[in-house]
Amino acid sequence: SQQRVFQLGVADRLAQLHFIQALTALGKCYKSQSRLDEAAEQFAAAVRAATELDQSSFSMVDDKHRLAMLLVSLGDIYRPAGQFKLAKTQYVLGSQAYEELNRHDPEESDFAFEQMSVLKQFGLMLRNSLQEHEESEKALDLATARAEGLVDRFPNDPRFQSELAICQHVLAWGIFERDGTRANALWQQAISHQATALELAPNAPQYATYLRLHNQSLAEFLAGQETPTGEDLARATELVQRALEIGETATSYQVLGWIQYRQGEPTAAIASLERSIQLAEGNADSFQWFVLAMALAKLGETDKAREWK
């Protein structure tokens, strides 16, 4: 009915806004039913309507913010549908709209936070789905810069501390093979910021989970180097033990087992890897089995090693 009103020429601002709201609501309904093509159609129409919206000086910020959110929402529909190029276009346009909002009102934290979230998701999609590593790094660098700005302005907000740590973490995973020194530094910073978030909000379990992940990832990086030093392996052991103090997981014990194997401690490695397999509850993988086989072989238990190999 709102579309019919719009087509009849009742193009005042209120009718336009109602039309956009109706399209958005219908798009959300389709999305909730996994009817992604139809959802995309409605959100694309909402984007077109928002682009053509009659603007006035008092409403410019609201209109630009609405358009930015619609563009990102459309990208969020294209991405799970596997239409990554289309999603990329929407994320780029959405980020540009947020950039304009940040320039217009640099003190508004919501705009910076939302743009950071978009850039982080965009960067991950570029890396994992499109293999566009250089563009991914640029997007994640900008997301990290936005998060750093928020932490500088609001150091006692655990949400911003945590998001900065997550941005640093995902950026580190994208560059560690090319720039291990920077990745190492990013993970150390992530650990520091996530620990701060947990101190500020000790009853928020997600910050403890992220802190465990940061410690575990840095340990995995240090131990996984081609020729780790004794200092690297000692530091990796310390980090993974911290992760295990936060919570025992199959992956943490898997990383510990690998470290112990590389330290020349096959008996300890076997115990850790067996615990990892136990915690995996039937979802263990070849990495666990292969390292366990190598540790058994080191002890001369070749028959058992062949079983795992």
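In this text the structure is predicted, and so the values were computed from the model without any measurement. FYI, the numbering just counts along the sequence from 1.
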What's the spacing between [X] [atom1] and [Y] [atom2] if we round to 0.5 Å?
{"X": "Trp173", "Y": "Leu186", "atom1": "CH2", "atom2": "CG", "value": "13.0 Å"}
{"X": "Ser217", "Y": "Glu220", "atom1": "OG", "atom2": "CD", "value": "6.5 Å"}
{"X": "Leu292", "Y": "Ser286", "atom1": "CG", "atom2": "OG", "value": "12.5 Å"}
{"X": "Leu140", "Y": "Leu124", "atom1": "CG", "atom2": "CG", "value": "6.0 Å"}
{"X": "Leu211", "Y": "Thr196", "atom1": "CG", "atom2": "OG1", "value": "10.0 Å"}
{"X": "Tyr253", "Y": "Ser272", "atom1": "OH", "atom2": "OG", "value": "7.0 Å"}

Keeping [X] on the side-chain end and [Y] on the backbone end, is there a donor-acceptor pair under 3.5 Å?
{"X": "Asn184", "Y": "Gly180", "answer": "no"}
{"X": "Ser32", "Y": "Cys29", "answer": "yes"}
{"X": "Thr24", "Y": "Ile20", "answer": "yes"}
{"X": "Gln288", "Y": "Asp285", "answer": "yes"}
{"X": "Asp62", "Y": "His65", "answer": "no"}
{"X": "Gln263", "Y": "Glu265", "answer": "no"}
{"X": "Thr209", "Y": "Pro205", "answer": "yes"}
{"X": "Asn215", "Y": "Ala243", "answer": "no"}

Shortest non-hydrogen contact from [X] to [Y]?
{"X": "Ala250", "Y": "Ala280", "value": "CB-N, 3.8 Å"}
{"X": "Arg212", "Y": "Gly247", "value": "CD-O, 3.4 Å"}
{"X": "Ala139", "Y": "Leu119", "value": "O-CB, 3.7 Å"}
{"X": "Leu198", "Y": "Ala208", "value": "CD1-N, 3.9 Å"}
{"X": "Thr144", "Y": "Cys167", "value": "OG1-CB, 3.5 Å"}
{"X": "Tyr78", "Y": "Ala40", "value": "CE2-CB, 3.8 Å"}

request  = Give the intermediate values and the outcome of side chain to side chain donor-acceptor pair (under 3.5 Å) for residues Gln121 and Tyr91.
outcome  = CA-CA 9 Å; Gln121 183 168 272; Tyr91 286 141; 2.9 Å; yes
If hydrophobic clusters are built by linking Ile, Leu, Val, Met, Phe, Trp and Tyr wherever their side-chain heavy atoms come under 4.5 Å apart, do [X] and [Y] end up in the same one?
{"X": "Phe122", "Y": "Leu101", "result": "yes"}
{"X": "Leu74", "Y": "Leu86", "result": "yes"}
{"X": "Leu171", "Y": "Met125", "result": "no"}
{"X": "Leu218", "Y": "Phe176", "result": "yes"}
{"X": "Phe290", "Y": "Leu279", "result": "no"}

Quick one, [X] and [Y] - any side-chain contact, counting heavy atoms below 4.5 Å?
{"X": "Ile191", "Y": "Leu239", "result": "yes"}
{"X": "Leu299", "Y": "Ile270", "result": "yes"}
{"X": "Leu71", "Y": "Val47", "result": "yes"}
{"X": "Leu233", "Y": "Leu222", "result": "no"}
{"X": "Gln90", "Y": "Ile77", "result": "no"}
{"X": "Arg178", "Y": "His133", "result": "no"}
{"X": "Gln83", "Y": "Leu36", "result": "no"}
{"X": "Phe111", "Y": "Val61", "result": "yes"}

key: salt bridge (Lys or Arg N to Asp or Glu O under 4.0 Å) involving Arg79 - partner list, sequence neighbours excluded   =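 For Arg79, the residues satisfying salt bridge (Lys or Arg N to Asp or Glu O under 4.0 Å) (neighbours in sequence not counted) are Asp76.
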Can you tell whether the side chains of [X] and [Y] come within less than 4.0 Å, N to carboxylate O?
{"X": "Glu38", "Y": "Lys31", "value": "no"}
{"X": "Arg146", "Y": "Glu99", "value": "yes"}
{"X": "Glu132", "Y": "Arg127", "value": "no"}
{"X": "Arg306", "Y": "Glu301", "value": "no"}
{"X": "Glu135", "Y": "Lys88", "value": "yes"}
{"X": "Arg66", "Y": "Asp63", "value": "yes"}
{"X": "Arg48", "Y": "Glu52", "value": "no"}
{"X": "Lys304", "Y": "Glu307", "value": "no"}

Sequence neighbours excluded, every pair satisfying salt bridge (charged side-chain N to carboxylate O under 4.0 Å, His left out) that has a member inside residues 162-173 =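 Matches after skipping sequence neighbours: Lys120-Glu163.
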May I ask you to check whether over 12 heavy atoms, not counting those of [X], lie within 6.0 Å of atom [atom1]?
{"X": "Gln131", "atom1": "CD", "value": "yes"}
{"X": "Gln33", "atom1": "CD", "value": "yes"}
{"X": "Asp37", "atom1": "CG", "value": "no"}

inquiry  = Using salt bridge (Lys or Arg N to Asp or Glu O under 4.0 Å), reason through Glu137 and Arg182 one step at a time and then give a plain yes or no.
reply    = CA-CA 12 Å; Glu137 185 176 343; Arg182 187 186 178 204; 3.5 Å; yes
key: Partners meeting ring-ring contact (aromatic ring centres under 6.0 Å, His included) with Tyr210 (sequence neighbours left out)   = none
ask   = Which pairs, with at least one residue in residues 214-248 and sequence neighbours excluded, count as a ring pair (Phe, Tyr, Trp, His ring centres under 6.0 Å)?
value =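 Checked against ring pair (Phe, Tyr, Trp, His ring centres under 6.0 Å) - neighbours excluded - the pairs reaching residues 214-248 are His169-His214, Trp187-Phe221.
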Do we see a donor-acceptor contact under 3.5 Å between the side chains of [X] and [Y]?
{"X": "Tyr30", "Y": "Gln42", "value": "no"}
{"X": "Tyr207", "Y": "Gln194", "value": "no"}
{"X": "Thr229", "Y": "Asp232", "value": "yes"}
{"X": "Glu114", "Y": "Tyr98", "value": "yes"}

query = Given the rule in the salt bridge (Lys or Arg N to Asp or Glu O under 4.0 Å) test, do Glu231 and Arg235 qualify, once you have shown the distances and angles that lead to the verdict?
reply = CA-CA 6 Å; Glu231 184 179 343; Arg235 173 68 172 148; over 6 Å; no
Solution key, residues 154-161 side-chain donor-acceptor pairs under 3.5 Å, sequence neighbours excluded:
from   : atom 1 : to     : atom 2 : distance (Å)
Asp157 : OD1    : Arg159 : N      : 2.9
Gln161 : OE1    : His193 : ND1    : 2.8
Gln161 : NE2    : Pro155 : O      : 3.0

task = State which residues pass side-chain contact (heavy atoms from CB on, under 4.5 Å) with Val291; sequence neighbours excluded, sorted by chain then number.
result = Trp258, Tyr261, Leu273, Phe287, Met294
